[in-house]
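Here's the structure, in structure tokens; my notes come after.
Chain naming here is simple, since letters A, B, ... match the order of the sequence lines and numbering starts at 1 in each.
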Amino acid sequence: MNTLKFLFALWKANLQSVMEYRISFLSQMFGMILNNSIYFLIWVIFFDRFKDVRGWGVTDMYVTFGITASAFGLISLLFGNTFNLGDIIARGRLDYYLSLPKPVLLHAVASRTVASGMGDLVYGFLSFAASGLLTPLSLLRFILAILLSATIFGAFLILIQSLAFWMGSASNLSMIAVNAMLTFAIYPITLFDSSAKIILFTLIPAAFMGALPASFAQNFTWEILFQMLFGSLAFLALAILIFQLGLRRYESGSGIQVEV
Amino acid sequence: MKKYFAIFRVTLINSLAYPGELIGRSLMILPFMWIFHQLWSVTFAAAGAQEINGLTVRSTLWYLMLAETIELSRPRLGNTISEAVKDGSIAYILSKPYDFLLYHYSTSLGETIFRAAMNILLGGAMVWWLVGAPPNPFGWPLALLTILGAWTLNFCIAAMIGLSAFIVEDISAFQWIYQKFAFILGGLLIPLDFYPAWLQTIAKALPFSAMVYSPARLFVEPSLPAFATTLAMQLAWIAALGLLLVYFYRRSLAHLTVNGG
């Protein structure tokens with residue numbers, strides 16, 4: 001309970017911090033909505049010309065893209081430091097979080113808000129509304145799908161960035177991994193053969209971030225819900241384990257200081 | 001011109017200082033090419049056609065390889081200039097005996113060359129393995145010349161976005177939108193040939209197609225008339241955007257206040 005209170009206090013402080021530059025916050029939010037809308041036009045053009053990809057049509061794309069964008073936005077807003085955790089580790093800046101009586105990983109990743117994440121989060125809902133599938137019940141499924149998709153994405157980021165404990169700098173690897181994750185998450189799953197799908201459910205769990213939650217948002221089945229729950233919790237546990245293992249190898253950067 | 005060539009040469013050599021970084025960043029083209037192969041193989045098979053609007057799976061993949069190379073190798077110049085404006089380091093460059101814009105043009109070219117070469121090498125190897133040999137070598141030098149034009153065009157737009165930091169707090173929204181226009185109107189993910197006719201007309205009239213589509217299309221289907229058209233289009237846009245950039249730069253300097261340091 002205390003941890004939850006701490007987390008809410010942290011998010012409130014982060015939000016106040018980004019809202020200090022209100023024009024910048026709003027321009028990033030609306031800029032990101034516009035950015036995603038323009039990007040999605042590519043898929044509208046594609047499906048207008050080629051109709052569908054092995055049964056995957058533009059409606060599926062609206063839902064998949066919406067969930068992926070919102071999940072990305074949610075992580076950017078609430079756990080913005082997952083994107084540069086590797087850098088924090090490599091520069092010895094975990095010292096600050098280690099010196100305080102709060103869970104190190106949670107404190108570190110939740111200490112930053114990426115303002116443009118609000119644009120991604122909002123865009124996801126607009127995309128879902130544009131799919132024509134919006135009903136009160138489907139909206140609830142969509143929100144649950146976003147939460148589980150965001151869990152997978154956050155866990156994947158922590159896992160990849162934690163490799164910095166062993167590699168020193170994991171910036172290139174994490175850039176490639178994150179790009180691959182997002183790219184594979186928004187492409188139609190029907191493109192891939194079974195061996196590629198194994199990769200998309202394990203090594204780069206993009207199917208848990210895009211296709212599976214999109215399928216759940218469209219049609220409720222206990223089987224898919226269980227798969228998503230199992231996938232996201234297993235990945236989260238693995239990510240925390242890897243971080244904790246890495247933390248044993250961490251070398252202080254003598255960087256205990258006040259974070260402003 | 002000698003000093004700008006020297007700046008270009010120094011940046012070019014600097015870009016080789018961290019070969020791991022250079023290769024690491026270029027690896028990103030591999031998953032893109034693989035997923036494009038999946039997408040277009042399935043799409044062509046579903047359409048039951050060997051060729052769609054003059055492109056086969058093989059030529060589409062080689063087109064996308066060059067288009068991605070142009071996009072992935074261009075430096076994030078907007079960020080560099082915007083940071084210089086925000087932290088005041090622009091004053092350092094302005095006090096030196098060289099032109100601010102030409103200095104950045106030389107450094108951005110220097111940063112781009114090896115990054116592009118590495119992308120072509122890795123992306124080309126992947127596409128060769130997936131769909132077979134590259135197109136007619138006659139088109140390679142022609143495409144190379146127009147890639148230089150594409151980078152110059154990109155420089156004009158990116159520098160203007162960077163300089164807008166004199167007016168707005170944050171330029172990221174402009175950068176994202178510019179990038180997405182280059183994606184969609186440049187034909188980065190889908191060749192313009194697959195667009196509806198009305199959109200092709202609009203896209204081909206704008207500078208984005210001269211930055212991505214035209215060089216990549218020339219690469220897969222080389223011809224001297226296409227080369228001449230592309231070059232003419234690029235020169236016209238470089239002249240227009242270059243003048244706009246110089247005007248924008250001079251206006252921006254009016255906003256600059258240097259307080260010692």
Kindly indicate, with the supporting measurements, whether the criterion side-chain contact (heavy atoms from CB on, under 4.5 Å) is fulfilled by Trp176(B) and Gln28(A).
CA-CA 10 Å; Trp176(B) 300 327; Gln28(A) 287 197 48; 4.1 Å; yes
Test side-chain contact (heavy atoms from CB on, under 4.5 Å) applied to Ile45(A) and Ile184(B), step by step
CA-CA 9 Å; Ile45(A) 293 167; Ile184(B) 193 163; 4.0 Å; yes
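Listed in order of number, the residues of residues 66-80 of chain A that approach chain B to under 4.5 Å between heavy atoms amount to none.
Taking all atoms of both residues into account, the shortest heavy-atom contact from Arg49(A) to Asn53(B) is NH2-OD1, 3.5 Å. Residue Ala173(B) comes nearest to Ser27(A) through the heavy atom pair CB-O, 3.6 Å, listed as atom of the first residue, atom of the second, then distance.
Contact of Leu189(B) with chain A is made through the side chain alone, with heavy-atom distances under 4.5 Å. When heavy atoms are compared at a cutoff of 4.5 Å, Leu188(B) does not approach chain A at all. Only the side chain of Ile52(B) comes within less than 4.5 Å of a heavy atom of chain A; its backbone N, CA, C and O stay farther away. Of the two parts of Phe30(A), neither the backbone nor the side chain holds a non-hydrogen atom closer than 4.5 Å to a non-hydrogen atom of chain B. Neither the backbone nor the side chain of Tyr178(B) has a heavy atom closer than 4.5 Å to any heavy atom of chain A. Contacts of Phe36(B) with chain A are made by side-chain atoms alone, with heavy-atom separations under 4.5 Å and no backbone atom involved.
Between Phe46(A) and Trp40(B), the gap from one ring centroid to the other is short of 6.0 Å.
Annotation: the span from Ile42(A) atom CD1 to Lys180(B) atom NZ amounts to 8.5 Å, rounded to 0.5 Å. Here the CG atom belonging to Leu39(B) is positioned 8.5 Å from the CZ atom belonging to Phe50(A), to the nearest 0.5 angstrom. To the nearest 0.5 angstrom, Ile176(A) atom CD1 is 12.0 Å from Ile29(B) atom CD1. The NE2 atom of His37(B) sits 11.5 Å away from the CG atom of Leu191(A) when rounded to the nearest 0.5 Å. Note: Gln175(B) CD to Asn35(A) CG = 11.0 Å, rounded to the nearest 0.5 Å.
Between Thr183(A) and Pro31(B) there is no side-chain heavy-atom pair separated by less than 4.5 Å. In this structure the side chain of Thr190(A) never reaches within 4.5 angstrom of the side chain of Val42(B), judged on heavy atoms.
Enclosure of atom CZ in Arg251(B) is not indicated, since only 12 or fewer non-hydrogen atoms of other residues, nucleotides or ligands lie within 6.0 angstrom. When the shell of 6.0 Å around CZ of Phe183(B) is examined, it contains more than 12 heavy atoms from other residues, nucleotides or ligands. Counting heavy atoms of neighbouring residues, nucleotides and ligands inside a 6.0 Å radius, atom CZ of Phe83(A) exceeds 12 of them. Counted within 6.0 Å of CG on Leu16(B), heavy atoms from surrounding residues, nucleotides or ligands total more than 12; the atom is thus considered enclosed. The environment of Trp128(B) atom CH2 is sparse: at most 12 non-hydrogen atoms of other residues, nucleotides or ligands sit within 6.0 angstrom.
Residues satisfying the ring pair (Phe, Tyr, Trp, His ring centres under 6.0 Å) test with Phe65(A), not counting sequence neighbours, are Tyr39(A), Phe40(A), Tyr123(A).
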